[in-house]
Amino acid sequence: MFATRLPKHLPRPHLACRKISSTTSKRSDALFVHRDTPYNNPKVPFEFNAENLKRAQEIISHYPPQYKKAATIPLLDLGQRQNKGWTSISVMNYVAKLLEMPPMRVYEVATFYTMFNREPIGENFVQVCTTTPCMLRGSYDILDTVCAHLGGVKPGETTKNGKFTVIEVECQGACSNAPMMVVNDDFYEDLTPATTKKVLDAFAKGEKPKPGPQSGRHTSENSAGLTALTSKPYGPGEFCTPEFR
C-alpha cells in the first residue's frame with residue numbers, strides 16, 4: 001500500500017582499489033621499422049636491368065592502367081631476385097616509382113609478406129618448416145641437423161662463408177610429405193637427418209640436388225603403394241542403364 005521509503009543517503013559499497021600500471025610496448029625492428037645502414041639506405045642505387053625491365057613491363061601490361069599497382073608483389077619479387085635475394089629500401093622505392101604510387105604503399109606490402117627478405121641473405125636460403133604436421137614427423141630433428149651441419153648457426157643467421165641462411169618457418173604446404181624444407185625455390189621432402197645433410201652438401205658444392213621427396217617415392221602417393229584408382233577407368237557408356245547407352 002505504501003511505497004518503501006529509502007534513506008536519502010545510501011552507504012557506498014566498498015570497492016577494491018585497482019592500480020593502473022603499464023609496460024613498455026615491444027616492437028619488432030625486423031618486421032616493421034627501417035633504419036638506414038651503409039648497405040641499406042635510399043642512396044644505394046637500384047634499377048632493373050634490361051631483361052628484368054622488359055619482364056616488369058610485360059607484368060604491368062596484364063593489368064588495366066588504373067590498376068597497375070596490383071603488380072606490386074610480382075615486381076618486388078623480381079627486384080628481390082635481382083638484388084641477391086633480399087628487398088632493400090631502394091628496391092621498394094624503385095618499384096613505387098615504376099608503378100607511380102606512394103612509397104608507403106610499397107613498404108606496407110614488403111613488410112606484410114614474409115616472402116620479402118629485408119636483410120641480406122646467403123647464397124642458399126634454407127627454410128625449415130616446423131608447423132604441426134612436420135613437427136609430428138621430426139622437423140625439429142631436421143632443424144637441429146641443418147644448424148649443426150652448417151657450423152652451429154641458429155635460425156635467422158647466415159654462415160660465415162655466406163653460403164647459407166637458415167630460418168624456421170610456418171607451413172610450406174607439403175604436409176603429406178613431412179618433414180620438409182625449402183632451399184631457394186625448391187621443396188625437399190620426406191627428410192631424415194641423413195638425407196638433409198646430403199642435400200646441404202650438394203648445395204655447398206654448387207650443385208642442385210633433385211627436389212621433391214628424398215625417400216624414393218614420387219609426389220605424395222601412399223608409401224605402401226596405390227590403394228585407390230588401381231583399376232582401368234570407366235569408358236563412355238559403361239555401367240549405364242540401357243536407355244542412356
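Side chains are part of it too, since the values below use all heavy atoms of this structure and drop only hydrogens, waters and symmetry mates.
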Sorted by first residue and then second, give each side chain to side chain donor-acceptor pair (under 3.5 Å) pair with at least one member in residues 89-103; sequence neighbours left out.
-> K68-E100, N93-Y107

Taking all atoms of both residues into account, what is the closest heavy-atom pair of Q127 and N184, and its distance?
-> NE2-O, 4.4 Å

Any chain of hydrophobic side-chain contacts (each under 4.5 Å) joining V91 to F112?
-> yes

Per side chain to side chain contact (heavy atoms under 4.5 Å, CB included), T196 is matched among V126, L191, D144 by L191

Within the side chain of N117, is there an N or O that forms a donor-acceptor pair under 3.5 Å with the backbone of G85?
-> yes

Hey, could you give me the CZ/CE distance between F187 and M181, rounded to the nearest 0.5 Å?
-> 12.0 Å

How far apart are the closest heavy atoms of P42 and I89, and which atoms are they?
-> N-CG2, 3.6 Å

Rounded to the nearest 0.5 Å, how far apart are CD of E51 and CG of L78?
-> 9.0 Å

Going through the distances and angles, do N83 and S88 end up as a side chain to side chain contact (heavy atoms under 4.5 Å, CB included)?
-> CA-CA 8 Å; N83 199 45; S88 66; 3.7 Å; yes

Distance (rounded to the nearest 0.5 Å) between K198 NZ and T192 OG1 | 10.0 Å

Residues that S176 engages under side chain to side chain donor-acceptor pair (under 3.5 Å), provided they are two or more places apart = none

Note: D190 and A178 closest approach over all heavy atoms is OD1-O, 4.0 Å

Which residue, L150, T145, L143, forms the side chain to side chain contact (heavy atoms under 4.5 Å, CB included) with C147?
-> L143

So among R217, M180, Q172, which one has a side chain to side chain contact (heavy atoms under 4.5 Å, CB included) with E189?
-> M180

Are the side chain of N177 and the backbone of T219 linked by a donor-acceptor contact shorter than 3.5 Å?
-> yes

When rounded to the nearest 0.5 angstrom, what distance separates CD in E168 from CD1 in I142?
-> 13.0 Å

Pair M135-T130, side chain to side chain contact (heavy atoms under 4.5 Å, CB included): steps then yes or no | CA-CA 5 Å; M135 182 184 66; T130 57; 5.5 Å; no

Nearest atoms (heavy-atom pairs only) where Q80 meets M115 = NE2-O, 3.1 Å

Looking at CG of L53 and CZ of F48, how far apart are the two atoms once the value is rounded to the nearest 0.5 Å?
-> 8.0 Å

Hey, does the side chain of T159 reach the backbone of K163 with a donor-acceptor pair shorter than 3.5 angstrom?
-> yes

Kindly indicate, with the supporting measurements, whether the criterion side chain to side chain contact (heavy atoms under 4.5 Å, CB included) is fulfilled by V182 and F125.
-> CA-CA 8 Å; V182 175; F125 190 37; over 6 Å; no

In short, Y63 meets A71 closest at the heavy-atom pair CE1-CB, 3.8 Å

Is there a side-chain contact between V146 and L200, using heavy atoms and a 4.5 Å cut-off?
-> yes

Do the side chain of T165 and the main chain of I121 share a donor and acceptor less than 3.5 angstrom apart?
-> no

Residue pair D185, R81: steps toward the salt bridge (charged side-chain N to carboxylate O under 4.0 Å, His left out) verdict | CA-CA 11 Å; D185 289 326; R81 292 175 185 275; 2.8 Å; yes

Is there a donor-acceptor pair closer than 3.5 Å between any side-chain N or O of N40 and the backbone N or O of D36?
-> no

Check whether F46 and V44 end up in the same hydrophobic cluster, where Ile, Leu, Val, Met, Phe, Trp and Tyr are linked by side-chain heavy atoms less than 4.5 Å apart.
-> no

Could you walk me through whether E108 and R105 pass the salt bridge (charged side-chain N to carboxylate O under 4.0 Å, His left out) test, one step at a time?
-> CA-CA 5 Å; E108 290 170 345; R105 294 290 177 249; 3.1 Å; yes

When rounded to the nearest 0.5 angstrom, what distance separates CD in E47 from CD in Q82?
-> 8.5 Å

Between K154 and E157, is there a salt bridge with N-O shorter than 4.0 Å?
-> no

Find out if a path of hydrophobic residues (ILVMFWY) with successive side-chain heavy-atom gaps under 4.5 Å connects M104 to L98.
-> yes

What about W86 and Y113, same hydrophobic cluster or not, with Ile/Leu/Val/Met/Phe/Trp/Tyr joined at side-chain heavy-atom distances under 4.5 Å?
-> no

Would F203 end up clustered with I167 when hydrophobic side chains under 4.5 Å apart are linked, directly or stepwise?
-> no

Full working for side-chain hydrogen bond (donor to acceptor under 3.5 Å, both in side chains) between H149 and D201 = CA-CA 9 Å; H149 197 63; D201 287 342; 2.7 Å; yes

Atom of P209, atom of Y188 and distance for their closest heavy-atom approach = O-OH, 2.9 Å

Return yes if some donor-acceptor pair links the side-chain N/O of N41 with the main-chain N/O of K43 below 3.5 Å, else return no.
-> yes

Chi angles and distances behind the side chain to side chain contact (heavy atoms under 4.5 Å, CB included) call for V153, F164 | CA-CA 10 Å; V153 297; F164 294 91; over 6 Å; no

